[in-house]
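Below is one structure, written out as structure tokens; the observations come after it.
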Amino acid sequence: MALMITANNELIEVRGHLNAQNMNSLSRHLDLTKNYKDHLILSLDRVESIDPLSTKILEREYRQAATSNKVLTIIGRQNDSVKRTMQQTRTSYILSNDLI
């Protein structure tokens, strides 16, 4: 399945497999959206798999949002494949405990 990004106000939902090749599309989408929104919610609940490099890029996006006084909430802690990879790369701290 190709990566599918859907946006509804502040919620950005990602479906499919996140890898280094398609992570650029998600990064560009986040960057453009951060230009006119102060708070974004990125849902990884329907991501089928994520590679280690993508977790590091998400961590960078999370930090850049904070640096520019924006809030990027990343949800997906209930997704076992995302949670497992993020724990391995020590980036699970960016996952929110809250559910929407």
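On a predicted model such as this, the values are computed, not experimentally measured, just so you know.
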Item to complete: Using the test side chain to side chain donor-acceptor pair (under 3.5 Å), find all partners of Thr91 that sit at least two apart in sequence or belong to another chain.
Response: Thr89
Worksheet entry | Atom pair CD1/CG of Ile75 and Asp45 - distance to nearest 0.5 Å | 5.0 Å
Worksheet item: Can Asp31 and Lys34 be counted as an ion pair, charged N to O under 4.0 angstrom?
Response: yes
Discussion item. Once side chain to side chain contact (heavy atoms under 4.5 Å, CB included) is applied, do any residues pair with Gln88, and if so which ones, sequence neighbours excluded?
Written reply: Arg84
Discussion item. To check you understand the geometry: which heavy-atom pair defines the closest contact between Glu10 and Lys37, and what is its length?
Written reply: OE2-NZ, 3.8 Å
Worksheet item: Taking atom OG of Ser92 and atom CD of Glu59, what is their separation to the nearest 0.5 Å?
Response: 10.0 Å
Discussion item. Under 3.5 Å, is there a donor on one side chain and an acceptor on the other for Ser81 and Glu48?
Written reply: no
Worksheet item: What is the distance from atom OG1 of Thr85 to atom CG of Asp80, rounded to the nearest 0.5 Å?
Response: 10.5 Å
Worksheet, complete the sentence: For Ser25, the side chain to side chain donor-acceptor pair (under 3.5 Å) test, sequence neighbours excluded, returns none
Discussion item. Counting C-beta onward and ignoring hydrogens, is there a side-chain heavy-atom pair between Met23 and Leu58 closer than 4.5 Å?
Written reply: yes
Worksheet entry | Gap separating the CG atom of Asn35 from the OG atom of Ser68, nearest 0.5 angstrom | 9.0 Å
Worksheet entry | Any residue meeting side chain to side chain contact (heavy atoms under 4.5 Å, CB included) with His29, in chain and number order, not counting sequence neighbours | Ile5, Ala7, Ile12, Thr33
Response to the item:
Between Ala65 and Leu72 the two heavy atoms that sit nearest each other are CB-CB, 3.8 Å
Response to the item:
OH of Tyr62 to OG1 of Thr67, rounded to nearest 0.5 Å, is 11.0 Å
Worksheet, complete the sentence: Those residues at least two apart in sequence (or on a different chain) that pass side chain to side chain donor-acceptor pair (under 3.5 Å) with Tyr36 are none
Fill in: Donor-acceptor contact present, side-chain Asn19 to main-chain Asn22, <3.5 Å
yes
Fill in: N/O donor-acceptor pair under 3.5 Å between Arg15 side chain and Met4 backbone
no
Discussion item. The test is side chain to side chain contact (heavy atoms under 4.5 Å, CB included); show your working for Lys56 and Arg60 and say whether it passes.
Written reply: CA-CA 6 Å; Lys56 295 296 187 177; Arg60 186 188 71 212; over 6 Å; no
Practice prompt. Measure the spacing between OG of Ser49 and NE2 of His17 and express it to the nearest 0.5 Å.
Written response: 5.0 Å
Worksheet item: Yes or no on side chain to side chain contact (heavy atoms under 4.5 Å, CB included) for Ile94 and Met86, after CA distance, side-chain angles and deciding distance?
Response: CA-CA 9 Å; Ile94 67 174; Met86 293 188 92; 3.4 Å; yes
Worksheet item: Do the side chains of Ser27 and Glu61 get nearer than 4.5 Å, heavy atoms only?
Response: yes
Discussion item. Could you see if Tyr93 belongs to whatever hydrophobic cluster contains Leu95? Use Ile, Leu, Val, Met, Phe, Trp, Tyr and a side-chain cutoff under 4.5 Å.
Written reply: yes
Worksheet, complete the sentence: By side chain to side chain contact (heavy atoms under 4.5 Å, CB included), Leu53 pairs with (sequence neighbours left out) Ala20, Asp51, Ile57
Item to complete: Evaluate the side-chain proximity of Leu44 to Asn79: yes if any heavy-atom separation is below 4.5 Å, no if none is.
Response: no
